[in-house]
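Within every chain, numbering begins at 1; the chains are lettered A, B, ... in the order of the sequence lines, protein sequences first and strands thereafter.
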Amino acid sequence: MAYSVDIDRKWQKKWEETRIYRFDKKNLEKKLYCLEMFSYPSGAKLHAGHWYNFGLTDSWARIKRMQGYNVFHPQGFDAFGLPAENYAIKTGIHPKDSTLKNIATMEEQLRQMGATFDWDYEVVTCLPEYYRWTQWIFLQLYKHGLAYRKNAPVNWCPSCKTVLANEQVVDGCCERCSSEVTRKNLTQWFFRITKYAQELLDCLPDLDWPEKTKKIQTNWIGRSEGAEIEFKVAGSDLSFRVFTTRADTLYGVTYVVLAPEHELVDKITTEDCRQAVEEYKKAVAKVSEIDRMSTVREKTGVFTGAYAVHPLTGEKVQIWIADYVLAGYGTGCVMAVPAHDERDYEFAQKYSLEIRRVIKGAEGVDDALPFVEDGFLTGSMEFDGLSSEEARAAIVKNLESVNAGEPKVTYRLRDWLVSRQRYWGTPIPIIYCDKCGTVPVPEDQLPVELPYNVVFTPDGESPLAKCEEFINTTCPDCGGPAKRDSDTLDTFVCSSWYFLRYPDNKNDREPFNRELINKMLPVDKYVGGAEHAAMHLLYARFFTKALRDMGCLDFDEPFLSLVHQGVILGADGQKMSKSRGNTVSPDEYIERYGSDVFRMYLAFGFNYVEGGPWSDEGIKAMDRFVARVERLVTNFAREKGTPGSDRFGPDEKELNYVRHYAIKCATEDTEVFQFNTAIARIMELINALYKYGALENRNMKLMEDALKDAILLISPFAPHFAEEMWQTLGYDYSIFNQSWPIHDEKALVRDEIEMAVQINGQVKFRINVPRDADDKQVEEAALADERAPGYIGGRSIVKVIVVKGRLINIVVK
RNA sequence: GCCGAAGUGGCGAAAUUGGCAGACGCACUUGACUCAAAAUCAAGCGGUAGCAAUACCGUGCCGGUUCGAGUCCGGCCUUCGGCACCA
């Protein structure tokens, strides 16, 4: 039977009946945890990107399985989230109903992929069995001081009617709906990820992750080393601290700037200036955070009338407020050194403030102001002549001795805002009691179930707030009337620990068993989109570390090795989208060619990490290749048993060489997700088999062995097809219980090697030399070649370089 | 603006530590089979010149190091990611 989608179904059924991909819980010594980022159950069908991610990672997992690993390869769904709720607002279909329906559809489609998923370990984040433990983790974080509430200005999307994390705001617009984001003050729950900033940074170098991703995380965390320096407010007991990375420029301070929101502003502002300050503060409050973040905007500010005392010189400098100083970074105050900072320079020029040089460039360096690079100190009393680097240490030391400063490290990373004014998410397990205050829901009362009967009106208030039977409850402490938190958790919270739940997904006493999880984790190979480089991956790392410190597990990092798949574009080279009409619907292709052809095309047509444009010609070519293999197999199966020779001449040697070369390369390339070259080598083996098959008096044993290896090599990429071919060749079920072939190094040694002969670095001709020829013999062979004199002419040989097994370069003059 | 990655035939892409550029495939051309077409099988296929042997050019651009550079160094250009008043 020619390969088609029917073959897919046949073997899917058989695999399911025989439970062939079931994970063996007893053999944890050789476990290998292979994981793709789980998906959101959207209403649409699986797209090419899902196949690219899941299908090819599955091929990788299959090889590992055949190499004897006990592969744990689970699947699940990131099932809470905005789209389902927005869909409900639009259509009236309840998020729970639509989500569960979508999950059923997607499960079905994922089964049709023919992957090695063990569905016994499925995890669905919107089910109480799961979110009960999300809530439990929230409570542990709360108990350990890692979850706290504060009033904070938040990014508000007027269209989604919800709060967005900074990272969900793209160009001042909502990541999801692209409407303009505004600012709003709300009391929100935060996770103290900043506590782990340094560790999150320190563990990065040892991870087998793409360098680019590590770089993104490094930037995101944004460590900055410097000093905190105290300035006293002249004529009062008040003081404030500034953070600076340029303590060497301290003598160049001519004024200081506070963020307009800084708490000290009201206290120090003089009567003369109060009106101007108040007006300025009002004006700043009106400017959206987005506009304020624009670098092209002209800097503005006002004088507070107050003066600060320079900690070393005792000089009085003006205190200003300006919007270019951010309340949320560092201490919310800066010392202004206009001579050596571009922003301060611009500001000082505008408001005619003094600009005082304290750094000069080295000999020959253009140090026109503002000079922002390191140099040598000048006008800085006893520090004159020191380099910037020496001066930073010396000045901070000096400050420390007078108790006016010390070395300090700050981070750009901010705490993670997790409250969402939304329905379709994990309820926050907190109760507010007038008498007892903020009370965590007792663990034995979890889960706090999400009520089904709610009204979806997009008015910015959580639907839960309007659900009386949910919101009104009794205080667990005093038994009096109390209210539940009406917000739900960011869905990134759900996805920050799902990989911990998979191995123990049915545990109803705890989120996961500590002993088991210590054996099953970390994840050995994690594969998913690069768009999660900053958020998801950082949050999951934070959760892992926090859970470790709370005694729930004993490892430091969740994902040892990470791969990002590229993006498959439409045939026009543009991102696939319905509006462009360039989407590729896997179902149609699978119906026509079978899922293995689809998967193999994805494997062969692209560099996995880069992705690229879809090509109908490309998948047709793959269809032809599969048919070509099938012809080879059926022809051979017909001839099987006919007597052949047992000779092992040059033809056999060549076939055996290609065979083992294919085994070696396919194994090594697949290991590092280079599926395209792995398949190229398999194609070469098939070509070699055709060539050999056309000969008279073949060595049938060798041919069968080579063909058998070829099918084994194809099997991870075309599992249904390979299973069918295996059967056609008369072997027992299942090919996936076979061992992965190992190449024979001896077969890769050729008797004669072709080497290129270069004259002055240019290839002129090629010679064949015996495999074991030494440099001298190679040189002699090259020079003895009849073509050599013509190229050398009358010139003399200056030097001869022999690169073993590759080329010989004759340098002549 | 800063940080990072990438630019290779008509196309998708390969290329160990600096060592034969273009593996494998698509498209195309030719031949075999066929009444014919498709499919299949076989062969060719970077550019220019030439009947040919061959010569010259060729990995975004300019320069450098080297016996030898797609690969290393310096300077540009373009594209794509990340960050962006971070003190």
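- Annotated as syn: B:rG9, whose glycosidic dihedral is within 90° of 0.
- With sequence neighbours left out, the side chain to side chain donor-acceptor pair (under 3.5 Å) criterion links A:S615 to no other residue.
- Mapping A:M683 and A:V803 onto RNA chain B by nearest heavy atom places A:V803 at the nucleotide closer to the 5' end.
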**OP:** Sugar-phosphate atoms are those with a prime plus P, OP1 and OP2; base atoms are the rest. Using that split, label each nucleotide of nucleotides 49-57 of chain B B, S or - for protein heavy atoms under 4.0 Å, 5' to 3'.
**Re:** ------S--
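- Listed candidates were B:rA15, B:rA87, B:rA23. Nearest to the side chain of A:E684 is B:rA23.
- The side chain of A:Q674 contributes an N or O atom lying less than 4.0 Å from OP1 or OP2 of B:rA15.
- The separation of B:rG22 from B:rA15, taken at their P atoms, amounts to 13 Å, rounded to a whole angstrom.
- Comparing the same atom, C1', in B:rA5 and in B:rG60 gives a spacing of 15 Å after rounding to whole Å.
- Looking at residues two or more places apart in sequence or on another chain, you find a side-chain contact (heavy atoms from CB on, under 4.5 Å) between A:V749 and A:R771.
- Contact annotation for A:E211: no contact, since no heavy-atom pair falls under 4.0 Å across all strands.
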At a cut-off of 3.5 Å, list every protein nitrogen or oxygen paired with a nitrogen or oxygen from nucleotides 26-33 of chain B, distance to 0.1 Å.
residue	atom	partner	partner atom	Å
B:rA27	OP1	A:R624	NH2	3.4
B:rA27	OP2	A:R624	NH2	3.4

**OP:** Give the intermediate values and the outcome of side chain to side chain donor-acceptor pair (under 3.5 Å) for residues A:N53 and A:W51.
**Re:** CA-CA 5 Å; A:N53 182 193; A:W51 275 83; over 6 Å; no
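- For A:T331, there are no side chain to side chain donor-acceptor pair (under 3.5 Å) partners, not counting sequence neighbours.
- The partner of B:rC72 is B:rG64, judged by Watson-Crick or G-U wobble contacts that both fall below 3.5 Å.
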**OP:** Between protein and nucleotides 2-12 of chain B, map the contacts as a letter string: B base, S sugar-phosphate only, - none, heavy atoms under 4.0 Å, written 5' to 3'.
**Re:** -S--------B
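- Between the side chain of A:T304 and the main chain of A:I319, a donor-acceptor pair closer than 3.5 Å is present.
- For the C1' atom pair drawn from B:rU59 and B:rC51, the interatomic distance equals 32 Å after rounding to whole Å.
- With sequence neighbours excluded, no residue forms a ring pair (Phe, Tyr, Trp, His ring centres under 6.0 Å) with A:F636.
- The shortest distance between the side-chain N/O atoms of A:N676 and the OP1/OP2 oxygens of B:rA14 is below 4.0 Å.
- The gap from the C1' atom of B:rA13 to that of B:rG7 amounts to 14 Å, rounded to the nearest Å.
- With sequence neighbours left out, A:A339 forms a side-chain contact (heavy atoms from CB on, under 4.5 Å) with A:I355, A:L369.
- Rounded to whole Å, the separation between the P atoms of B:rA27 and B:rA38 comes to 13 Å.
- With sequence neighbours left out, A:K212 forms a salt bridge (Lys or Arg N to Asp or Glu O under 4.0 Å) with no residue at all.
- The phosphate of B:rC86 (OP1 or OP2) has no side-chain N or O of A:T410 nearer than 4.0 angstrom.
- Within 6.0 Å of NZ on A:K804 lie more than 12 heavy atoms contributed by other residues, nucleotides or ligands.
- Considering A:V527, A:D208, A:T213 in turn, A:V527 is the only one that fulfils the side-chain contact (heavy atoms from CB on, under 4.5 Å) rule with A:V563.
- Counting heavy-atom neighbours within 6.0 Å of A:Y661 OH, excluding the residue itself, gives a total of 12 or less.
- Ranking B:rA14, B:rA87, B:rA84 by closeness to the A:N607 side chain, first place goes to B:rA14.
- A:R412 forms no cation-pi arrangement with A:Y329, by the criterion of a distance under 6.0 Å to the ring centre and an angle within 45° of the ring axis.
- Applying the side chain to side chain donor-acceptor pair (under 3.5 Å) test to A:E406 and every residue at least two apart in sequence or in another chain returns A:R241.
- Across B:rU8 and B:rC61, the matching C1' atoms stand 15 Å from one another, rounded to whole Å.
- Using atom C1' as the reference point in both B:rA14 and B:rG25, the two lie 11 Å apart (nearest Å).
- Relative to the six-membered ring of A:W416, A:R541 misses at least one condition, a distance below 6.0 Å or an angle of at most 45° to the axis.
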Could you pull out the protein-nucleic contacts involving nucleotides 67-74 of chain B (nitrogen or oxygen on both sides, under 3.5 Å)?
residue	atom	partner	partner atom	Å
B:rC67	O2'	A:N809	ND2	3.3
B:rC67	O2	A:N809	ND2	2.4

Extract from the structure each pairing of a protein N or O with an N or O of nucleotides 41-44 of chain B at less than 3.5 Å, listing the distance.
residue	atom	partner	partner atom	Å
B:rC41	OP1	A:R628	NH1	2.6
B:rC41	OP1	A:R631	NH2	3.3

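- Taking 4.0 Å as the cut-off between side-chain N and carboxylate O, A:E346 and A:K350 do not count as a salt-bridged pair.
- Straight-line distance between the C1' atoms of B:rG70 and B:rG58: roughly 11 Å, to the nearest whole Å.
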